[in-house]
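Chain A is the first sequence line, chain B the second, and so forth, proteins listed ahead of strands; every chain is numbered from 1.
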Amino acid sequence: MTTPIETDVAIIGAGPIGLFAVFELGLLDLKTHLVDILDRPGGQCTELYPEKPIYDIPGLPVVTGQELTDRLLEQSKPFSPTFHLSQMASGLSRLDDGRWKLTTDAGTEIIAPVVVVAAGGGSFVPKRPPVPGIEGFENISVFYAVRKMEQFRDRDILIAGGGDSALDWTLNLAPIAKSLTLVHHRDGFRAAQHSVNQMRELVEQGKVKFHIASVKGLHGDNGQLQRVTLAGADKKEFQIEANAFLPFFGLTIKLGPIAEFGLNLHENLIPVDTEKFESTTKGIFAIGDINTYAGKLKLILSGFHEAALMAQAAFHICRPNEKLRFQYTTSSSNLQKKLGVA
Amino acid sequence: MKIIATDRDGKEHILEGRDGWTVMEILRDAGLPITAECGGACACATCHVYVDEEWAAKLPDKSDTETDMLDMALAVEANSRLSCQIICSDALDGIRVTVAPE
């Protein structure tokens, strides 16, 4: 456990709206710390569609998810936000002095008078294959990520999936595994071609088994996998020996621990007012896709607007004795100094 | 046109499709549990459905992107499609789809 960080605003989610919130808060001299479960900023923009063009950002006729993220990072840079990446916001509690303590699953503690939930649809988590009873095997013999390769030495490994993760781990684990079987629903992969070629070589050499199949059943005791039932393209079922199963089907979005924060929720969204975008809990704001209000549109541009109004309200909470001076970046030398352009 | 959609509980819903809309949009607006995280950009595979065999053959072939994205879907079968890539039209009147497991 590290020393708690004290700041003005803790932001959950480093997607486009969280990043723009850094900018709007920064103009008002409010310091920010962001928490995101992904290993880089950008949220859905970089995780789901980095290469897809977006056409409805005001002033940018066309921009990709990655470019938009890069530009928002550049725009927020003068305000030196601190990123706590690859961490999930896991707890929120109120301190006696009225401030909030946000904790993460990595043990980071951020204390701030204002918390902004800019979490989109929630946390990106690995997709769990719809195999009965799989939960009981998780973290014992079913893993959605490889943290230590040694853990898999001399094991009978089953990998499922057809993307880069499935192929990369097939190649990396094959040399240390007792046996390695790869299953995918078709004889084609969306992974890098050289990885696919290397995998096919290992199959030819008999070092990896490949089946066009899907996983239908897991068998074992107390979470320790022993055998797996597969169904081939002809739907015929067969079993193989496996004591470790690694499914790689990418990520999906689940609301996650935010549901346990004690906030008022409506269909997994946080209701807010449209003046400050504050939740019904004072000091907790929600902006972007995670909030709901009459007329809400899930557009990035709506989130930008919400961030600007939230920042005004956050200022009054963080600096109760100061007067907020409304200024334009075009004319204020004070703001321009903050932006490093004057 | 009508879309006959079976949800994850096996319940059948008869939905009115709108010409030019995607099947994903019709399912989502009817409240079926279609996540469609990416909003129809063929970038997430969370609008995965099974198309009844007799209809599967009548649909245009999958694009490479759709085939690639289906690699990230769970429980993929030969008749798996992403519903954001199926455009409603009278030719598909009566199409039967089943929402794939989450």
Atom [atom1] of [X] with >12 non-hydrogen neighbours under 6.0 angstrom:
{"X": "B:E102", "atom1": "CD", "answer": "no"}
{"X": "A:R40", "atom1": "CZ", "answer": "yes"}
{"X": "A:N197", "atom1": "CG", "answer": "yes"}
{"X": "B:R18", "atom1": "CZ", "answer": "no"}
{"X": "B:D64", "atom1": "CG", "answer": "no"}
{"X": "B:K58", "atom1": "NZ", "answer": "yes"}

Notebook entry, point to check: Between A:I253, A:D289, A:V215, which residue shows the highest count of heavy-atom pairs closer than 4.5 Å to chain B?
Noted result: A:I253
Notebook entry, point to check: Which one, A:Q44, A:H184, A:K235, leads in non-hydrogen pairs under 4.5 Å with chain B?
Noted result: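 Maximum pair count with chain B is reached by A:H184.
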Margin query: Using only non-hydrogen atoms and a strict under-4.5 angstrom cutoff, which residues of residues 118-132 of chain A touch chain B?
Written below: A:K127, A:R128, A:P129, A:P130
Margin query: I need the contact set between residues 48-58 of chain A and chain B: heavy-atom distance under 4.5 Å, sorted by residue number.
Written below: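 The residues closer than 4.5 Å to chain B, in numerical order, are A:L48, A:Y49, A:K52.
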Item checked: Region of A:K216 in contact with chain B, defined by heavy-atom distances below 4.5 Å -> side chain
Check: Where on B:T35 is there a heavy atom nearer than 4.5 Å to chain A: the side chain, the backbone, both, or neither?
Finding: neither
Item checked: B:A100, part contacting chain A, at a heavy-atom distance under 4.5 Å ->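 No part of B:A100 comes within 4.5 Å of chain A.
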Notebook entry, point to check: If you take all heavy atoms of A:R190 and B:D68, which pair is closest and at what distance?
Noted result: CD-O, 2.9 Å
Margin query: Tell me the closest heavy-atom pair linking A:L251 and B:E37, and the distance in Å.
Written below: O-OE1, 4.4 Å
Check: Say you draw a straight line from CG of B:L70 to NE2 of A:H185; how long is it, rounded to the nearest 0.5 Å?
Finding: 6.0 Å
